[in-house]
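Residue numbers begin at 1 in each chain, while the letters A, B, ... track the order of the sequences. Everything numeric here is computed off the predicted structure, so don't read it as measured data.
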There are 2 protein chains.
Amino acid sequence: MSENAREAILTAAKSAAQLHGYGGINFRSIADEVGIKNASIYYHFPSKAALGSAVARRYWEDTSTVLAQIRTTHSDPWECLQQFPSIFRTSLENANRLCLSSFMAAEYEDLPEEVTAEVRAFADINVAWLVRVLEDADWGDAHSRERRARAIYTAVAGAQLIARTHADIHQFDDLIASYKESGLIPSSS
Amino acid sequence: MSENAREAILTAAKSAAQLHGYGGINFRSIADEVGIKNASIYYHFPSKAALGSAVARRYWEDTSTVLAQIRTTHSDPWECLQQFPSIFRTSLENANRLCLSSFMAAEYEDLPEEVTAEVRAFADINVAWLVRVLEDADWGDAHSRERRARAIYTAVAGAQLIARTHADIHQFDDLIASYKESGLIPSSS
DNA sequence: ACCTGAACACCGTTCAAGT
DNA sequence: ACCTGAACACCGTTCAAGT
């Protein structure tokens, strides 16, 4: 198992970060989970900042893969657009976890710089994906697509954040439905 | 100054919480700011949970006052609606501070119950205010007003959270403008 | 009534030492 | 190469003691 220690640390830290944020990454409990001592983590990651950065990077890479899959599975761009919030919904379904990036946006002032860079990368790949989908849908011009993509990403992240304070995932679905009804998230009709 | 120690603690804690969250409320540095020792805080507040709860309560009470003032100052409900995001904008202007409630929404899983109750109260008074303004504007029926009010509150909170990761307040203004253009935040025309 | 010093268990981190 | 025990300064909290 020792060859996978690095992976196990990364997985445990990611899970902790989605529940408790960067500040909630606890070396002693991660070490317990992995089955090593907390000092051993420093063999694999030189600091908490480095671990946090690796977690955030892994997180947006995984998200990027899922986004790409949505575009592969759904040829209709309007369908892709409707699917976008499902990524954030999945986190909530999974033990009320929050998007790592939203959590770290809150903690922004206390984050080491190497972590904030990855947090911005997460927002960037989400916005870039939305821009592309809006483009496929022939929606607006380049400038308005960029604006709208940012607005959609932001509103969906907000919905996840606020819905979290209600145990009920229904709240999240309601908010997304409102975004669609209002036209913030455009539909084909 | 000793008669105001309680107030000074509350003020310092509120400021810290908007910058670093509940977890970032540090008894030793608050005590330093107030000019007492950290153990003395426990004379005024029996626990960190009690202090956090008092801070969050004070916060939504203050917000409630500002919201009421907007309705007093602007007789036109459409104008009130356009003014709503200004509360969140002011926090950002003020040293990139975050709405306490958004911060605590992120930290939700780690919050003592007496604090979460106040976090929900903040969301409730914002939504209630928006419902009332939409009602004054004769917008939709009771059910759709409730839904839309939640969507607006959520999206604006999200805009503040995400805009925080860019030093630029321009980003926040852009997002709000997009919400208005898309129709999420309705206007009279 | 209001404040303090000293102690507690806990955190991230370091480092010399083990295999 | 990979891990550990012991120590560091830091946290919230307690409590007996001061004025």
Those residues that, when tested against A:D124, pass side chain to side chain contact (heavy atoms under 4.5 Å, CB included) (two or more places apart): none
Which heavy atom of B:L134 sits nearest a heavy atom of B:A149, and at what distance? CD1-N, 4.2 Å
For the pair made of CG in B:N4 and P in C:dC2, what is the distance, rounded to whole Å? 11 Å
Show the distances under 3.5 angstrom between N or O atoms of the protein and N or O atoms of nucleotides 16-19 of chain D.
none

Checking contacts here: which listed nucleotide (C:dC2, D:dC3, D:dC2) is nearest the side-chain heavy atoms of A:Y43? D:dC2
Apply side chain to side chain contact (heavy atoms under 4.5 Å, CB included) to B:R6 and B:F45, showing your working. CA-CA 8 Å; B:R6 203 192 125 94; B:F45 299 94; 3.5 Å; yes
Is there a donor-acceptor contact under 3.5 Å linking the side chains of B:R58 and B:T11? no
For B:R147, is the CZ atom crowded, meaning more than 12 foreign heavy atoms sit under 6.0 Å from it? yes
Give a yes/no on whether any side-chain N or O of B:H44 is located under 4.0 angstrom from OP1 or OP2 of C:dA1. no
So which one's nearest nucleotide on DNA chain C is more toward 5', B:A39 or A:Y22? B:A39
For B:S40 and C:dC2, is the shortest distance between a side-chain N/O and OP1 or OP2 below 4.0 Å? no
Taking the side chain as everything from C-beta on, heavy atoms only, tell me whether B:S15 gets closer than 4.5 Å to B:R97. yes
Which value, rounded to the nearest 0.5 Å, describes the distance between A:I169 atom CD1 and A:H166 atom NE2? 13.5 Å
With side chain to side chain contact (heavy atoms under 4.5 Å, CB included) as the test, pick out the partner of A:F27 among A:I9, A:D32, A:I41. A:I41
How does DNA chain D look in dot-bracket form if you count Watson-Crick and G-U pairs under 3.5 Å, write [ ] for pairs that cross, and put | where a base pairs with another strand? ||.|||||...|||||.||
Quick check: is B:F88 connected to B:V66 through a chain of hydrophobic side chains (ILVMFWY, heavy atoms under 4.5 Å apart)? yes
In residues 16-25 of chain A, what donor-acceptor pairs under 3.5 Å come from side-chain atoms, sequence neighbours left out?
from  : atom 1 : to     : atom 2 : distance (Å)
A:Q18 : NE2    : A:L98  : O      : 3.1
A:H20 : NE2    : B:D110 : OD1    : 3.4
A:Y22 : OH     : A:A49  : N      : 3.3

Rounded to whole Å, please give me the gap between NZ in A:K37 and P in D:dA7. 16 Å
Show every ring-ring contact (aromatic ring centres under 6.0 Å, His included) that has at least one partner inside residues 116-160 of chain B, sequence neighbours left out. B:Y59-B:F122, B:F84-B:W129
Within the sub-3.5 Å range, which N or O atoms of nucleotides 9-12 of chain C have a protein N or O partner, and how far apart are they?
from   : atom 1 : to    : atom 2 : distance (Å)
C:dC11 : OP1    : A:N26 : ND2    : 2.5
C:dG12 : OP1    : A:I25 : O      : 2.6
C:dG12 : OP1    : A:F27 : N      : 3.2
C:dG12 : OP2    : A:F27 : N      : 3.0
C:dG12 : N7     : A:R28 : NH1    : 2.8
C:dG12 : O6     : A:R28 : NH2    : 3.1

